A.B. asks: 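This is the structure I want to talk about, given as structure tokens.
Worth saying up front: this structure is predicted, and the values here are computed from it rather than measured. Index from 1, following the sequence.
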Amino acid sequence: QVQLVESGGGLVQAGGSLRLSCAASGRTFGSYARGWFRQAPGKEREFVAAISWSGDTTYYADSVKGRFTISRDNAKNTVYLQMNSLKPEDTAVYYCAASPVLTTIPRYDYWGQGTQVTVSS
């Protein structure tokens, strides 16, 4: 059974940092692009960041550019999202995903269950 499991979410004050991890099991995703999306209450799921299978190419939403960094460790089948200078508007459930194609739209084949990130002002 293929699983993506996020961890590292929590409550942080504005200006703080968190590092999310997404570990995959059940198959290897070394040739897959990996992405992070988020969904706030009452809003649609939105793109945050994505990384190619090799790690050479990354995409970021304008709202997080310069503050968030996506990275991956294929040996560990894991992708990370380092989030710095967090703002209250970053509050959302964060989902990781895997796709054969690097894309910013949420048409990914595999999804995690999500981890809550709450930023207090």
A.B. asks: Quick one: is the NZ or CZ of Arg34 closer than 6.0 Å to the six-membered ring centre of Tyr32, and within 45° of its axis?
C.D. replies: no
A.B. asks: Calculate, to the nearest 0.5 Å, the distance between atoms CG and OG1 belonging to Asn84 and Thr69 respectively.
C.D. replies: 6.5 Å
A.B. asks: So does Asp109 get a backbone contact from the side chain of Ser99, meaning a donor-acceptor N/O pair under 3.5 Å?
C.D. replies: no
A.B. asks: With a 3.5 Å distance limit and no angle check, can you tell me whether Tyr60 reaches the backbone of Ile70 through a side-chain donor-acceptor pair?
C.D. replies: yes
A.B. asks: Nearest 0.5 Å, please: how far is CG in Leu81 from OH in Tyr94?
C.D. replies: 7.5 Å
A.B. asks: Say you draw a straight line from CZ of Arg72 to OG of Ser21; how long is it, rounded to the nearest 0.5 Å?
C.D. replies: 14.0 Å
A.B. asks: Using only atom types and a distance under 3.5 Å, with no angle test, would you say the side chain of Arg67 pairs donor to acceptor with the backbone of Ser85?
C.D. replies: yes
A.B. asks: Out of curiosity, Ser71 OG to Tyr80 OH, how far, rounded to the nearest 0.5 Å?
C.D. replies: 7.0 Å
A.B. asks: Just verifying a value: how many Å separate Tyr95 OH and Cys22 SG, rounded to the nearest 0.5 Å?
C.D. replies: 13.0 Å
A.B. asks: If hydrophobic clusters are built from ILVMFWY residues whose side chains come within less than 4.5 Å, do Val64 and Val117 share one?
C.D. replies: yes
A.B. asks: Keeping the roles fixed (side chain from Glu6, backbone from Leu20), state whether a donor-acceptor pair exists under 3.5 Å.
C.D. replies: no
A.B. asks: Answer with yes or no after comparing the ring centroid distance for Phe47 and Tyr59 against a 6.0 Å cut-off, counting only values under it.
C.D. replies: no
A.B. asks: Shortest non-hydrogen contact from Tyr108 to Gly35?
C.D. replies: CE2-N, 3.7 Å
A.B. asks: Using modelled atom types and a 3.5 Å cut-off, is there a donor and acceptor pairing between side-chain atoms of Asn77 and backbone atoms of Arg27?
C.D. replies: yes
A.B. asks: So how far is it from Gln39 CD to Glu44 CD, rounded to the nearest 0.5 Å?
C.D. replies: 8.0 Å
